[in-house]
2 protein chains.
Amino acid sequence: MTDTTPAPETETGLKDTFVSGYLLYLLAAASEAASAQFHARVREEGLRVPEWRVLACLHDRDGAMVTRLAQFALIEQSRLTKIIAQMEDRGLVTRRGDPEDRRRTRVYLSSEGRALAEALVIEARRHEADLLNILAGSDGARIKQALRALIDRLAPAETLDA
Amino acid sequence: MTDTTPAPETETGLKDTFVSGYLLYLLAAASEAASAQFHARVREEGLRVPEWRVLACLHDRDGAMVTRLAQFALIEQSRLTKIIAQMEDRGLVTRRGDPEDRRRTRVYLSSEGRALAEALVIEARRHEADLLNILAGSDGARIKQALRALIDRLAPAETLDA
DNA sequence: GAAATTTACATGAAATTTCATGTTTTGTGG
DNA sequence: CCACAAAACATGAAATTTCATGTAAATTTC
């Protein structure tokens, strides 16, 4: 009941293979493998992956506050602050204090940033479609559900809003 | 045919939410969410995540060469070299040149390293079982298959052997 | 079998990330 | 309203990571 999948033994007959079937390994490895190509494209665009993530989040919700951005872009706060500073220097985003709550800093796409974000989101969607096609029919649909289930049950699903 | 899942709109009605349904985001976020707890345990043990990965790989295949270790531990080679150096200083592993191919450096667990590796692998297995139980019945089994499918089709599946 | 390539790893400098902490502004209990 | 706690960012120093490159050993070519 715990695990129906037989341990994936190699033909050389390893005594006790742990890593290659371990869920956390599969998740990390799948994430890496699936992202590799597109992230290479991102870097061709002169962006690092975290910067692309910021752009993508702002594409969804322009003017997001730093903390939320950090949650969605999967970047630690102090790191994000520095990344945003760099992006601001490069003219991709703008920072503006929130008059409603003056502790907050809201981040906005510049027109250049928006253009880049939109272009990349389009490419990302295309790439995603390719990936899903790679997976056998039902898998493609199901994997998203499973991942979402994992996330929802492990992390308190927040929104980029507010 | 491309995507049956309706875009997960928030109650505030965002125009065009991309990120929260994007496969690469789901993969990264799921990986993070699923790993968080266990990785915290790893750090309690005084290890950083990459170090734990090295231990886990060596648990499967003691005396692995650096390049393979890097592939399986998902760590870039020059980084791994430095991590291994640190681990050697802490007495967790040993480095020894391979007489068969003197370019290679093989990494071996020390007895302390092995003890730690085995203890953590046991905990990891328990934790994985918990995770799989969190997922609705069939999801647990299917997600691994889907992840493996992704990995296999995107990365040339190698082995830790040799 | 010598030269050219490739593989495996190490290394140094520059850049980034982490961690703890500082500052400012809000929220809260009394 | 005041004291206190919490939230949201910013920041600096230390540590790590990255990137390009260096070295040595094996492999391939011709």
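So you know, we letter chains A, B, ... as the sequences are listed, proteins then strands, and number each from 1.
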Regarding A:Lys144 and A:Glu128, does a basic nitrogen lie under 4.0 Å from an acidic carboxylate oxygen?
yes

Tell me which residues in residues 33-54 of chain A put a heavy atom below 4.0 Å from DNA chain D, sorted by number, or none.
none

Contact boundaries of DNA chain C with chain B (under 4.0 Å, heavy atoms), 5' to 3'?
C:dT7 to C:dA13

Show the nearest heavy-atom pair for residues B:Leu120 and B:Trp52, with the distance to one decimal.
CB-CZ3, 3.4 Å

Testing the basics here: between B:Ser78 and B:Glu76, what is the closest heavy-atom pair and its distance to 0.1 Å?
OG-OE1, 2.9 Å

Evaluate A:Gln86 against A:Arg48 for side chain to side chain donor-acceptor pair (under 3.5 Å), listing each step before the verdict.
CA-CA 11 Å; A:Gln86 293 175 321; A:Arg48 289 169 301 167; 2.5 Å; yes

Quick one: A:Arg103 CZ to D:dC9 C1', roughly how many Å, whole number?
10 Å

Do A:Thr81 and A:Gln77 pass the side chain to side chain donor-acceptor pair (under 3.5 Å) test, and can you show the C-alpha distance, the side-chain angles, and the key distance before you say yes or no?
CA-CA 6 Å; A:Thr81 290; A:Gln77 180 263 313; 3.1 Å; yes

Check: B:Arg114 and B:Asp62 side chains under 4.5 Å, non-hydrogen atoms
yes

Among residues 73-88 of chain A, which contact DNA chain D at a heavy-atom distance under 4.0 Å?
A:Gln77, A:Ser78, A:Thr81, A:Lys82

Just to be sure I understand the geometry, which residues of residues 92-102 of chain A put a non-hydrogen atom under 4.0 Å away from DNA chain C?
A:Asp101, A:Arg102

Report yes or no: is the cationic atom of A:Arg53 (NZ for Lys, CZ for Arg) under 6.0 Å from the centre of the six-membered ring of A:Phe72, at an angle within 45° of the ring normal?
no

Gap between atom CD of B:Glu123 and atom CD of B:Glu118 - 0.5 Å precision:
13.0 Å

Test the B:Arg125-A:Phe18 pair against the cation-pi criterion, namely NZ or CZ under 6.0 angstrom from the six-membered ring centroid and within 45° of the ring axis.
no

Contacts table for residues 87-94 of chain A: side-chain donor-acceptor under 3.5 angstrom, sequence neighbours left out:
unit_1  : atom_1 : unit_2  : atom_2 : d
A:Glu88 : OE1    : A:Arg95 : NE     : 3.2
A:Glu88 : OE1    : A:Arg95 : NH2    : 3.2
A:Glu88 : OE2    : A:Arg95 : N      : 3.0
A:Arg90 : NH1    : A:Gly46 : O      : 3.0
A:Arg90 : NH2    : A:Gly46 : O      : 3.0

Strictly by Watson-Crick or wobble contacts shorter than 3.5 Å, is anything paired with D:dC19, and which nucleotide is it?
C:dG12

Rounded to the nearest 0.5 Å, what separates atom CG in B:Leu109 from atom CZ in B:Arg61?
12.0 Å

Tell me whether the OP1 or OP2 atom of D:dA7 has a side-chain N or O from A:Thr67 closer than 4.0 Å.
no

Tabulate below the donor-acceptor pairs under 3.5 Å that side-chain atoms of residues 21-38 of chain B make, not counting sequence neighbours, or state none.
unit_1  : atom_1 : unit_2  : atom_2 : d
B:Ser35 : OG     : B:Ser31 : O      : 2.6

Please determine if A:Arg41 and A:Glu44 form a salt bridge, counting it only when a charged side-chain N lies under 4.0 Å from a carboxylate O.
yes

